[in-house]
Protein chains: 4
Amino acid sequence: MPPRPRTTARKRPSQKRSQETVVAIVDATARVLKRDGYDHMSTNKVALAAGVSIGSLYQYFPSKEALVAALMERHFDEIRALFEEEAQRLAGVPLEVAVRAIIKRTIEAHQIDPILHQALEQVPRIGLLQKFDDVQERGRTLVHQYLLVSHESLRPKDLEIAADLIASLIEMVSHGAVLRHPNRLKDGVLVDETVDLILRYLKK
Amino acid sequence: MPPRPRTTARKRPSQKRSQETVVAIVDATARVLKRDGYDHMSTNKVALAAGVSIGSLYQYFPSKEALVAALMERHFDEIRALFEEEAQRLAGVPLEVAVRAIIKRTIEAHQIDPILHQALEQVPRIGLLQKFDDVQERGRTLVHQYLLVSHESLRPKDLEIAADLIASLIEMVSHGAVLRHPNRLKDGVLVDETVDLILRYLKK
Amino acid sequence: MPPRPRTTARKRPSQKRSQETVVAIVDATARVLKRDGYDHMSTNKVALAAGVSIGSLYQYFPSKEALVAALMERHFDEIRALFEEEAQRLAGVPLEVAVRAIIKRTIEAHQIDPILHQALEQVPRIGLLQKFDDVQERGRTLVHQYLLVSHESLRPKDLEIAADLIASLIEMVSHGAVLRHPNRLKDGVLVDETVDLILRYLKK
Amino acid sequence: MPPRPRTTARKRPSQKRSQETVVAIVDATARVLKRDGYDHMSTNKVALAAGVSIGSLYQYFPSKEALVAALMERHFDEIRALFEEEAQRLAGVPLEVAVRAIIKRTIEAHQIDPILHQALEQVPRIGLLQKFDDVQERGRTLVHQYLLVSHESLRPKDLEIAADLIASLIEMVSHGAVLRHPNRLKDGVLVDETVDLILRYLKK
DNA sequence: AATGAATGAGACTTCATTCAT
DNA sequence: AATGAATGAAGTCTCATTCAT
C-alpha cells in the first residue's frame, strides 16, 4: 500500500497573482466536488475548472486530499466565525433566547452552501477530514459551556450528555431542514418546535 | 465518460456452491470497505480477500458499485427486519414503552456493525445508495404512522415535523452513542434521558 | 523525497502465455535501454516496444527500476554461467593456460551484447545495480582463489592485491577491446600481450 | 520530442557578482548530483541549493545538461592541469620514475572528489559527456607519446596497444583504490606493485 | 538582472473490466 | 463455472523550461 500522500499546503504564495491562483483552485475544487463527488473528482478536472495548469495546482496542493482539506478549512472557518461571534453575545442571555439564537446560527451555517456541506460529509474521514467532526465537537463544547453557567436552573443532571443531545439535535434539524425541507423555514414553525423541544427538556 | 455500468446482480446463483461464493464475496467487500474506504477499495482486492478469481467475481457482480449495493442491501435488510418486527408489537402500546423500544432497536441496529455502518455512510450517494437515505426515510415514516394513531393525546400539531424531529434525534443519538460513547450505553442513563426528552416534547 | 519504489518482481507468472509476456518485456527493455539510455527510457516506451499494454507491464514489473533489474539479472546470469563453468575446468591447469582461458571468457562475456553492457554501466548504482559491481567482485574472488592454490610458485606476496590488479586489468582490456578496438581481437596480439603482461608480473 | 536544448553557456558573465553566481550554481550542481544522481537531480533543486532563483539559473545555463557539462568541464580541467604540468617534467626521466609519477598523479586526480567522479561516470553519455571518455583518451595519448620516445629500450612492439594497456591499468587501479580500498594507499604497496607490474611488462 | 509563478508534456501507476483458455 | 492474463482509459504527479513582473 502506498504511503499516505502529503496533505498540508506546499508553499505559502507570496505574490498577489499566486494568491489569486490559490483562491481560484479552491473555488474550482468546490464546484467539482459538488458536481462529481469526492471520488469522481480529479486533480485534472479541478485544474481545468480553475483555468489553471495542472502544474500550478501541484505547486500549491500536493494531492487531491490537500485540495479538499483547504476547501474544508475555508468552509468551516466561515461556520466557526458565525458561532464564535455569537458565543460572545450569549453570556447572561435568557435560555430561550440563547437556544433560538444557536438554532438560527446553525441553520445559517448550513445555508452558506448546503450542497457543498453535503458533499463534504461524504469525503472519506482520513487525515484531513477530522475537520468535519471537529466542527461538531466544537459545537457540542460551546453548548456544554453555556449550560454549565446556568446549571442551577436546569433539570438534567449530566450536562455533558444533555449538551450532546441538544447540539446533535440542532445539527440534524438544521441539516434536514436546509436540504430536505427548505419550505419549513419559511414560517418559523420548525424553529419554534425545536426551541420548544429543547426548553421542555432543559427546564425544571 | 463510459456509460454507467450495470448495478443489478448479473445472475441468480442457483446452486449451493455458487451461493457460498456470493456470500464470500459480499463478506470480503465488507472487510475491504471497512479497511480501505470506498475509493481505496478495488475489485481485485475484494476478489483476493474472497479467495476468488476476479473473473468469478464479475460472474456475479457486474461492477464495483454492485458489490457495495449488495452489501448495503444485506446490512439494511438486517436493520429493517429489526424494525418491521418491532413495528408489529407497537400497536396499542403506551407511548413511553414504544419510544423506549424504538430507541433500543435503533441502538441495536447501529451495533450490528458500527464500523461498516460508518463506512457505508461515506459511499458516494449515486445510483445504488439512495438506500442509505431510504432506511432513514422509512424510520421517519414508521414514527409518523405511530404518532398519527395517538394524535389526540399529543401536543404537537404538525406530526410530520414532530416525527422528523424524533426520528432524526433517535438516529443521531444512537449513532453517536455507539461510535463515540459506547460506555454511555452501559447504564441506561443516555436512553433514559432521550426518552425523557421525547416524552416531554410529545405529551400534552 | 518519495520512497524508493519497489524493485523486485511483482508476480510469478504461472501460465505459458504470461511467461512469454515477461520475456517480451525484458527483451524490449534491452532494446529501449540500448537505444535511449536509462533516463530517456520510459515504461511506456518499453510496453510499446514489447507490443504489450502498459497495464500488463505493471502486472509483472512494479517500476522502471524493476525492468532494468530483471534485464541485468538475465544478462549477468549469462556471464556468470560462462565463468562458473570455466572455473571448474581451471583447477590444476598451468598458469598460462588458465590466464588465457579467463581472458577469453571475459572477452566472450563482453561480446554477448556489448552495447547492452555499456548501457547497463550507466544505470544509476542504486538498489538494483549493485549487481554490476557484484559481478566484478565475483570475478576478483575467482581469480584470488585460483592464485591462492598456486601461491608457492608466485612472486607477489599480497595475492589479494594481485588478484584485484589482474581481474581489473582483464575486465578493462576486454571492455576496451570489444567496444573500441574489435579488430585487435582478429589476430591474437592483444590477448598475447595481456597474457604476457600478467605472467611476467606473477612469475618468480 | 522537443529539439535538443542548447548546451553551451548562454552568456559570458562579465561582472564579479555574476561570476560568483555561476560558481555557486556549479557548486550546487555538484552537491545535488552527488546526493541524488543525474536523473533525480532537478534544475529546481540546484537553484534552491545555490540560493538562486530558477530564473537566474537559466540566465546562465540553458539546460540541465549544460549544468552538468559545466561541472564536468571544471572537474576535468583540474585533472588535466595535473597531468599537463607533470607531462612537462617527464621528458628524459627514467622509466620507473615516470611510471611512478603518472600513477601518483592519477591517484591524486581521483582523490580530488571521488564521489563526484563516480557520479559523473553515470551521467548519460550524450552530447556533453564525451568529455569523460575524452579525458581517458588524452591519458592514453600521453602515455603513448612517452613510450614512443623510449621505444628502443622497450620490449613490446605495438606501443599503441601497450599504452592502452598501461593507461587503462593505471586508471582502473587508481579508481578502485580510491573508492574501494583507500587504506591500500597508506603504505606504498599498491603503487609499488603497479609500478612493478608495468616495468616487468615494458622492460626488455 | 532577478524573481518565482506558470506551463504542460510526459512520466509513472492503478484498477475496473474483458476475454482467451 | 472458473481462472487470471490482458487491456487501456484515466489518474496522480514531476520537472525542464518560459515568461510576466
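Heavy atoms only: backbone and side chains are in, while hydrogens, waters and symmetry mates are out. Chain letters run A, B, ... following the sequence lines, proteins first and then strands; every chain starts at 1.
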Candidates F/dT17, F/dT7, E/dA5 - which lies nearest the side chain of D/Lys64: F/dT17
Any salt bridge between A/Asp27 and A/Arg74, counting N to O under 4.0 Å? yes
Output the rounded distance in Å from OH (A/Tyr38) to P (F/dG11). 14 Å
Could you tell me how far apart A/Leu48 (CG) and F/dG11 (C1') are, to the nearest whole angstrom? 14 Å
To the nearest angstrom, how far is C/Leu67 atom CG from E/dA11 atom C1'? 13 Å
Partner lookup for E/dT17, please. Criteria are Watson-Crick or G-U wobble with both distances under 3.5 angstrom; report none if nothing qualifies. F/dA6
Separation between CZ of A/Phe76 and NE2 of A/His117, rounded to the nearest 0.5 Å: 5.5 Å
Would you kindly give the CD-to-C1' distance between C/Glu65 and E/dT13, to the nearest whole Å? 15 Å
Walking DNA chain E from its 5' end, the first of D/Leu57 and A/Asn44 to be reached, judged by nearest nucleotide, is D/Leu57
Roughly how many Å is it from NE2 in A/His40 to C1' in E/dA16, rounded to a whole number? 11 Å
Separation between CG of D/Asp113 and CG of D/Leu120, rounded to the nearest 0.5 Å: 8.5 Å
Under 3.5 Å: donor-acceptor pair, side chain of D/Lys64, backbone of D/Met41: yes
From the set E/dA2, F/dG11, F/dA6, return the single nucleotide nearest to any side-chain atom of A/Lys45. F/dG11
Compare the minimum distances between each of F/dA6, F/dA1, E/dT7 and the side chain of A/Ser53, then state the nucleotide with the smallest one. E/dT7
Distance-only, no hydrogens or angles: does the B/Lys45 side chain make a donor-acceptor pair with backbone N or O of B/Ala28 under 3.5 Å? no
Is A/Ser56 touching bases, backbone alone, or none of the nucleic acid, heavy atoms closer than 4.0 Å? base
Let me spell it out: for each of A/Val52 and C/Thr43, pick the nucleotide of DNA chain E with the closest heavy atom. Which residue's pick is nearer the 5' end? A/Val52
Is there a side-chain contact between D/Tyr60 and the phosphate of E/dA1, meaning an N or O under 4.0 Å from OP1 or OP2? no
5'-most by nearest nucleotide on DNA chain F - A/Ser42 or C/Ile54: C/Ile54
Could you please name the option among E/dT18, F/dA2, E/dA6 that lies closest to any side-chain atom of B/Tyr58? E/dT18
